[in-house]
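Take a look at the structure below.
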Amino acid sequence: MPLVLDADSLEPWLDPHLADRETIRQMVRHLDAKRITHWSVSTRVNRPGNDENAALINPT
């Protein structure tokens with residue numbers, strides 16, 4: 001499952017010293033899912049050998 005954070009949450013999320021779960025929950029804000037555009041792509045994207053084929057990221 002991808003994690004999408006707002007810009008203000010990036011630095012705290014990457015802080016290696018921030019380990020307390022409750023502190024993380026208070027500092028990190030998820031990006032509203034309604035702001036994300038998504039679409040299905042070919043399952044062939046899962047093969048590293050297909051990395052050169054840019055057409056695989058086109059919506060199916």
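Since the model is a prediction, treat every value here as computed from it, not as a measurement. These values consider heavy atoms only, across backbone and side chains, with no hydrogens, waters or symmetry-generated copies.
Inter-residue side-chain proximity for Arg29 and Leu5 is flagged as unmet; no heavy-atom pair is nearer than 4.5 Å.
The structure places CG of Asp8 at 10.5 Å from CE of Met27, a figure rounded to the nearest 0.5 Å.
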side-chain contact (heavy atoms from CB on, under 4.5 Å) between Leu18 and Trp13: does it pass, once the steps are laid out?
-> CA-CA 8 Å; Leu18 185 61; Trp13 179 257; over 6 Å; no
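A pairwise comparison of heavy atoms in Val4 and Ile36 identifies CG2-CD1, 3.9 Å as the closest pair. When all heavy atoms are compared, the tightest approach of Asn58 to Trp39 is C-NE1, 4.2 Å.
Under the 3.5 Å distance criterion, the side-chain polar atoms of Arg47 are left unmatched by any main-chain donor or acceptor of Thr43. The main-chain N or O of Thr23 is found under 3.5 Å from a side-chain atom of Asp20 such that the two form a donor-acceptor pair. Here the side chain of Arg44 pairs no donor or acceptor atom with the backbone of Val41 at under 3.5 angstrom.
Ser9 and Asp6 share a side-chain donor-acceptor pair at under 3.5 Å.
Enclosure of atom CD in Glu22 by more than 12 non-hydrogen atoms of other residues, nucleotides or ligands within 6.0 angstrom is indicated.
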